[in-house]
Amino acid sequence: MMNIDTFAGLLLSWWSENKRQLPWKNSHDPYIIWISEIILQQTRVKQGTPYFLKFVHTFPDIQTLADASEDDVMKAWEGLGYYSRARNLQQTAKVLASNHGGKFPDTYEEIIQLKGIGPYTAAAIASFAFGLSYPVVDGNVVRVVSRVNGILEPVDNKATLQSIYGYVNKAIQGHDPASFNQALMDFGSAVCVPASPACILCPMTDYCMANKDQKTQLIPFKAKKVSRKNRYYHYFYLDRPDRQMIITQRTGSDIWKKLYELPMVETEDESVPVRGLITQKLGFWFSHLKDDDYIMEEVCRSRQVLTHRNVYGFFYRIVMINPAIKINKGQYLVEREKVSNFAFPKIISDYLKSIDS
DNA sequence: AAAGCGGGGCT
DNA sequence: AGCCCAGCTTT
């Protein structure tokens with residue numbers, strides 16, 4: 001193991017001349033820090049920053065977020081992904097507003113009990129907002145510590161992660177927690193990057209086991225491999241002369257929960273669903289519908305790659321011959337011009353954009 | 001412990 | 001095509 005004091009000293013010395021300026025760093029408001037940390041979970045700073053600016057402008061404090069409509073919160077999150085973050089964010093805002101007098105808790109033990117806040121985020125808020133000494137262990141930190149210490153064991157293993165946490169927890173002692181944590185993440189994202197790290201510029205190069213053994217490409221090692229399953233979604237755009245369209249909300253414990261989409265049928269493979277199935281589906285909106293009461297044409301196909309899914313989208317345009325319609329719970333008849341008030345998965349918003357032009 | 005959960009950027 | 005990103009929750 002690299003000497004703890006040497007590690008901390010070189011890190012902080014590097015950071016004193018290489019601090020990143022980020023919008024949420026101007027604030028000690030735990031609400032602002034909370035929002036920034038949730039947005040940045042599994043999300044690059046560059047991708048998350050515009051969302052952060054928009055989100056704290058729209059929802060400037062706990063009470064505003066607690067009082068907002070769920071649709072508006074999801075809309076602010078549209079396109080960012082991992083939408084449970086947005087749902088948990090508002091749920092926690094409601095809890096804080098009603099049970100904690102609108103105040104953010106100021107101890108690690110209370111913070112980590114909040115929905116959507118795990119070990120990393122609790123440590124980040126505790127240190128950045130309240131100056132408490134808890135080490136942040138994110139992807140950057142795991143990479144830096146596993147490399148300098150030449151850890152070849154899988155880092156997605158509980159015991160390995162514990163040893164990394166223990167190392168950082170010792171290293172942070174005696175230093176300003178916020179500065180130390182920020183320094184470690186900045187260092188990981190600027191120097192000790194995943195591919196082709198800048199070892200030539202690294203102040204720890206003389207002490208780094210991975211560099212000495214030429215193993216920066218192998219460390220950190222992850223045992224788990226992602227496998228993607230295919231899903232086939234057939235979306236129906238009901239083209240109506242009054243420029244209104246039907247959208248539905250996803251409610252199950254599945255991808256894109258709480259987002260909106262078009263009426264849809266899922267199939268097991270890429271074959272087009274049989275007419276009878278489509279008619280049955282459209283029967284949600286049109287009573288006594290028969291197979292020849294509508295015209296259908298396939299308009300386009302697209303694919304969206306998620307971490308663990310390939311989503312194949314098939315889009316069909318439907319023209320009703322008898323347009324009497326009924327709308328049920330969780331379904332909406334929306335004017336085309338107002339559809340942008342709702343949050344959609346990217347595969348749907350891309351399609352809606354394409355038929356606008 | 002393993003699986004599920006988005007979207008984008010880089011190699 | 002594969003990997004990673006200021007991870008967390010559910011099973």
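Here the structure is a predicted model, which is why all the values come from computation and not from measurement. The chains referred to below are lettered A, B, ... by the order of the sequence lines, with proteins before strands, and numbering in each begins at 1.
The two residues V226(A) and T307(A) come nearest to each other via the heavy atoms CB-O, 4.1 Å. When all heavy atoms of C192(A) and V144(A) are compared, the pair lying nearest together is CB-CG2, 3.8 Å. Here the closest non-hydrogen pair linking Y294(A) and I321(A) is N-CD1, 4.1 Å.
Residues A195(A) and Q304(A) both approach DNA chain B. Their nearest nucleotides, taken by heavy-atom distance, put Q304(A) toward the 5′ side. Toward the 5' end of DNA chain B, the nearer of the two residues K224(A) and L259(A), judged by each one's closest nucleotide, is K224(A).
Taking atom NZ of K346(A) as the reference point, atom C1' of dG6(B) lies 11 Å away to the nearest angstrom. Following rounding to the nearest Å, F344(A) (CZ) and dG7(B) (P) show an atom-to-atom distance of 13 Å. dA1(B) atom P lies 6 Å from atom NZ of K158(A), rounded to whole Å. Between the CD1 atom of I347(A) and the C1' atom of dG8(B) there is a distance of 15 Å, rounded to whole Å. Put simply, CD1 on I255(A) is 12 Å from P on dG4(B), counting in whole angstrom units. With rounding to whole Å, L306(A) atom CG is found 10 Å from dG8(B) atom P. Atom P of nucleotide dC5(B) and atom CH2 of W256(A) are separated by 10 Å, given to the nearest angstrom. For the pair I39(A) CD1 and dG7(B) P, the interatomic distance rounds to 15 Å; values are reported in whole Å.
Spacing between dC4(C) and dC5(B) at atom C1', rounded to whole Å, works out to 16 Å. As rounded to the nearest Å, dA3(B) and dA6(C) have P atoms that lie 25 Å from one another. Atom P of dT9(C) sits at a distance of 24 Å from the matching atom of dG8(B), rounded to the whole Å. Between dA1(B) and dC5(C), the two C1' atoms lie 23 Å apart (nearest whole Å). Atom P of dG9(B) sits at a distance of 24 Å from the matching atom of dC8(C), rounded to the whole Å.
Across F52(A), W256(A), Y51(A), F55(A), a single residue satisfies ring pair (Phe, Tyr, Trp, His ring centres under 6.0 Å) together with W77(A), and that is F55(A). When L65(A), I38(A), L114(A) are each tested for a side-chain contact (heavy atoms from CB on, under 4.5 Å) with T92(A), only one passes: L114(A).
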Discussion item. I need a per-nucleotide contact map over nucleotides 1-11 of chain C, read 5' to 3'. Cutoff is protein heavy atoms under 4.0 Å; write B for the base, S for backbone only, - otherwise.
Written reply: ---BBBBSSS-
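Checking the phosphate oxygens (OP1, OP2) of dG7(B), a side-chain nitrogen or oxygen of Y83(A) falls inside 4.0 Å. Between H308(A) and the phosphate of dC5(B), there is a side-chain N or O to OP1/OP2 separation shorter than 4.0 Å. OP1 or OP2 of dC5(B) lies within a sub-4.0 Å distance of a side-chain N or O belonging to R309(A).
When heavy atoms are screened at a 4.0 angstrom cut-off, G188(A) is found touching no nucleic acid atom at all. Residue-level contact check: D254(A) touches the backbone only, with heavy atoms under 4.0 Å from sugar-phosphate atoms and none from bases.
Note: Y260(A) and F342(A) have perpendicular aromatic rings, judged against thresholds of 30 and 60 degrees for the angle between ring planes. Note: Y167(A) and F7(A) have perpendicular aromatic rings, judged against thresholds of 30 and 60 degrees for the angle between ring planes.
One finds a salt bridge joining R240(A) and D242(A) here, because a Lys/Arg side-chain nitrogen approaches an Asp/Glu carboxylate oxygen to under 4.0 Å.
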